[in-house]
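As a basis for the values below, the full set of heavy atoms in this structure was taken, side chains included, without hydrogen atoms, waters or symmetry mates. Residue numbers count from 1 along this sequence. Here the structure is a predicted model, which means the values were calculated and not measured.
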Amino acid sequence: MSRSAPPPLRNSAIRFVVPNSALAPKITRDLVATLLVVTGRPTLVDTARVCVSEVITNVRLHTRTTLVYLDITLCPGRVAVAVWDDEWDKRPSETAVYDFHSDEERGRGLLLVQTLSAGWGVTWPADGDPSRKRVWFVLDEPAVEAVAA
């Protein structure tokens, strides 16, 4: 009996819900990495782990929400990831603008997401509630020729 990789899921959406704890970044990194491997997208694992970690860490640092929602949509050639929170905490010390060119060690997470992803953004629910938001990013699978090189 031969063992082969399962066929990749196509046009599938998966939601994970994790507690907003110090373990949330690791839990979600591992969930996303495993999902990408088992669905035949191993070339996206490292990038996805970094981006998920950065976005989840922002939820951890800047919200008091008890649960974090992680939505992953698998499409041919593309993976979209969205992280929902529902309680933005507007503490001035946590929402400061950071100079990306300074020696400061904080404030570069979304710059990493911007650099590594095919696109990213922030959206709010249709009801206009500014206390809830969704940070999303998209990863495109590399062309077959690029992987072989």
Side-chain angles (χ1 to χ4, degrees), residues 3-98 100 104-144 146-147:
R3 292 183 180 238
S4 61
L9 293 173
R10 298 295 182 188
N11 298 321
S12 299
I14 296 111
R15 173 170 282 173
F16 296 107
V17 181
V18 298
N20 187 15
S21 71
L23 291 175
K26 178 175 179 14
I27 291 167
T28 54
R29 278 192 310 264
D30 292 348
L31 285 168
V32 169
T34 301
L35 179 66
L36 292 174
V37 168
V38 301
T39 59
R41 295 171 167 86
T43 58
L44 296 179
V45 168
D46 292 337
T47 303
R49 287 176 64 87
V50 171
C51 291
V52 165
S53 186
E54 294 301 332
V55 174
I56 294 290
T57 297
N58 280 350
V59 172
R60 178 74 184 134
L61 291 175
H62 300 296
T63 74
R64 295 181 187 166
T65 187
T66 56
L67 297 174
V68 180
Y69 301 87
L70 176 69
D71 294 337
I72 303 165
T73 305
L74 304 168
C75 299
R78 174 169 274 203
V79 174
V81 177
V83 174
W84 289 88
D85 65 59
D86 60 7
E87 292 182 12
W88 180 248
D89 178 13
K90 296 179 173 77
R91 292 175 286 183
S93 63
E94 296 295 338
T95 59
V97 175
Y98 295 98
F100 292 128
E104 180 69 40
E105 292 184 15
R106 293 181 59 194
R108 293 188 177 94
L110 290 178
L111 182 62
L112 276 172
V113 173
Q114 176 182 343
T115 301
L116 295 173
S117 68
W120 77 280
V122 180
T123 58
W124 285 265
D127 65 10
D129 182 354
S131 68
R132 296 180 12 204
K133 71 179 172 315
R134 177 180 79 129
V135 177
W136 58 268
F137 62 88
V138 175
L139 302 177
D140 287 337
E141 291 185 77
V144 175
V147 174

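- Looking at residues two or more places apart in sequence or on another chain, you find no side chain to side chain contact (heavy atoms under 4.5 Å, CB included) involving D46.
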Show your working on side chain to side chain contact (heavy atoms under 4.5 Å, CB included) between N58 and L110 and close with a plain yes or no.
CA-CA 9 Å; N58 280 350; L110 290 178; 3.7 Å; yes

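- Distance CG/D30 to NZ/K26: 3.5 Å, rounded to 0.5 Å.
- Side-chain contact between I14 and L35: present, with at least one pair of heavy atoms (C-beta onward) separated by less than 4.5 Å.
- Residues satisfying the side chain to side chain contact (heavy atoms under 4.5 Å, CB included) test with S117, not counting sequence neighbours, are V113, W120, F137, L139.
- Here the side chains of I72 and L70 are in contact, with some heavy-atom distance below 4.5 Å.
- Residue pairs that meet the salt bridge (Lys or Arg N to Asp or Glu O under 4.0 Å) test with at least one member in residues 114-125, sequence neighbours left out, do not exist here.
- With sequence neighbours excluded, the residues forming a side chain to side chain contact (heavy atoms under 4.5 Å, CB included) with T34 are V38, listed by chain and number.
- Considering only heavy atoms from C-beta on, T28 stays 4.5 Å or farther from S53 through its side chain.
- Classification of D85 and R134 as a salt-bridged pair fails, no side-chain N sitting under 4.0 Å from a carboxylate O.
- In plain terms, the two heavy atoms of G40 and E141 that are nearest each other are O-OE1, 4.3 Å.
- In this structure, the side chains of L67 and N20 stay at 4.5 Å or more apart for every pair of heavy atoms.
- V52 places none of its side-chain heavy atoms less than 4.5 Å from the side chain of V83.
- Residues forming a side chain to side chain contact (heavy atoms under 4.5 Å, CB included) with I27 (at least two apart in sequence, or on another chain): V18, L23, L31.
- For the pair R41/V45, no side-chain contact is recorded, criterion being any heavy-atom separation below 4.5 Å from C-beta on.
- To the nearest 0.5 Å, atoms SG (C51) and CD1 (I56) are separated by 12.0 Å.
- Among pairs with a residue in residues 12-23, those fulfilling salt bridge (Lys or Arg N to Asp or Glu O under 4.0 Å) read R15-D71, at least two apart in sequence or across chains.
- Residues L36 and L74 meet the side-chain proximity criterion, which asks for heavy atoms closer than 4.5 Å.
- Taken to the nearest 0.5 Å, the NE2 atom of H62 stands 9.5 Å off from the OG1 atom of T57.
- Contact record, A33 with R49: CB-NH1, 3.6 Å, taken as the closest heavy-atom pair.
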